[in-house]
There are 2 protein chains.
Amino acid sequence: MKPGSKNGNISDVLIKKNIKPSYQRIKVFEYLLGTDSHPTVEQIYSDLVNEIPTLSKATIYNTLNLFEGAQLARVITIEENETRYDACIEEHGHFKCENCGKIYDFPVNLDNLVSGNGILENFKVNEKNIYFKGICSKCLNNKSNKQEGKNGTGK
Amino acid sequence: MKPGSKNGNISDVLIKKNIKPSYQRIKVFEYLLGTDSHPTVEQIYSDLVNEIPTLSKATIYNTLNLFEGAQLARVITIEENETRYDACIEEHGHFKCENCGKIYDFPVNLDNLVSGNGILENFKVNEKNIYFKGICSKCLNNKSNKQEGKNGTGK
DNA sequence: TATATATTTATAAAGATTATAATTTTGTAA
DNA sequence: TTACAAAATTATAATCTTTATAAATATATA
């Protein structure tokens, strides 16, 4: 995959959504597509500012809100005060490890939850979110060690 | 149910969790138990400050964090910047209407999601959350009317 | 009644997001 | 190419939510 064509593809996606493919927007979208870490605004900014020294955090906010409105990205709300973004729109759940802070994706099908569920049957469901918390297998295995990696609560 | 015994019961629940049943704590817990509106900190505060004129918002935060730690209440994270609280611990989903902002509970059983789900099988799941967004039946019926009630986005 | 401890309160501080206005970039037409 | 208009980006200020701190109040115990 050549860099040129890659950018071309990203541009096309943005254009299809009526979003002008500016340099910053392409970089942000590229960043989201290239990670599965569900980054926060802070993480996106601090990584990209190396490449784009003039980058402003307001641009990250503007861009992400734009992408969200165009359904190119979605917000992952797991902890308060920790808005994360995910480029993937397809339905999946998130698991956050309370020890190491990592967020894992897991496959999920929620269709059967809606049909046959009394109250929801007359509702129009636009968005389904599911997230679990607990301890991931990696941290479970290391539980003899006091604290492996930094925890993710930020508190 | 007499008021005296009601407060007595609430006190007992707090005491069982090693939480001293102060006047403010009883009032907050009573408030949570008496509503299904999944209130924000702001809503809890502004309602209770009528009864308790000296009440401080910091007390609400302290108390809710205390309850959360004792598993007497849980945080509902649906929108960013809108932490809501629910006194009910038992497993259920939340549906937020994007038109009127109301949050509905719906029954859900997520056990079958965990077992048989590859990645999760080796994880320790402590907490399961599920929330949907869309339009509730009430707003769907009123959709001819421009905007019934205030919307809940706060933006 | 003293004294120690815990709770509440008021205020300041920190952090995240949005709003505003100036600057820069981009696109278009002469 | 140049001039102009529109859009995007940037820097900064403002707002909002939550937490931290210290003083004041209330509670419990000896």
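Numbers restart at 1 for each chain; the letters A, B, ... are given by sequence-line order, proteins then strands.
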Find which nucleotide of DNA chain D each of B:K57 and A:T63 is nearest to by heavy atoms, and output the residue with the more 5' nucleotide. A:T63
Side chain of [X] (C-beta onward), nearest among [options]:
X     : options                : answer
B:S22 : C:dT7, C:dT9, D:dA11   : C:dT7
A:N62 : D:dT9, D:dT19, C:dT9   : D:dT9
B:L55 : D:dA11, C:dT9, D:dT18  : C:dT9
B:V41 : D:dT10, D:dT18, C:dT17 : D:dT18
A:S56 : C:dT7, D:dT10, C:dA16  : D:dT10
A:A58 : C:dT17, C:dT9, C:dA19  : C:dA19

[atom1] of [X] versus [atom2] of [N]: gap in Å, rounded?
X     : N      : atom1 : atom2 : value
B:I60 : C:dT8  : CD1   : P     : 10 Å
B:L14 : D:dT27 : CG    : C1'   : 16 Å
B:I44 : D:dT18 : CD1   : P     : 11 Å
A:L48 : D:dT9  : CG    : P     : 13 Å
B:I26 : C:dT8  : CD1   : P     : 10 Å
A:L66 : D:dA7  : CG    : P     : 13 Å
B:F29 : C:dT7  : CZ    : C1'   : 19 Å
B:I19 : C:dT8  : CD1   : C1'   : 16 Å

[N] phosphate, OP1 or OP2, under 4.0 Å from [X] side-chain N/O:
X     : N      : value
B:Q24 : D:dA26 : no
A:Y61 : C:dT18 : no
A:N65 : C:dT18 : yes
B:T54 : C:dT9  : yes

Check for me whether the distance between the ring centres of A:F106 and B:F123 falls short of 6.0 Å. no
Mind checking whether A:H38 and A:H92 have parallel, tilted or perpendicular rings, split at 30° and 60°? tilted
Relative to the 5' end of DNA chain C, which residue comes earlier, B:P53 or B:N81, by the nucleotide with the nearest heavy atom? B:P53
Write down the atom of B:C136, the atom of B:Y104, and the distance for their closest heavy-atom approach. SG-OH, 3.2 Å
Any sub-3.5 Å donor-acceptor pair from A:S46's side-chain atoms to A:E42's backbone N or O? yes
I'd like to know if the side chain of B:Q43 reaches the main chain of B:T40, judged simply by a donor and an acceptor atom lying under 3.5 Å from each other, with no hydrogens or angles considered. yes
So B:K20, base contact, sugar-phosphate only, or nothing? Heavy-atom distance under 4.0 Å. sugar-phosphate
Mind checking A:T59 for me? I need base, sugar-phosphate or nothing, with any heavy atom below 4.0 Å counting as a touch. base
Say you draw a straight line from CG of A:N18 to CG of A:L66; how long is it, rounded to the nearest 0.5 Å? 10.0 Å
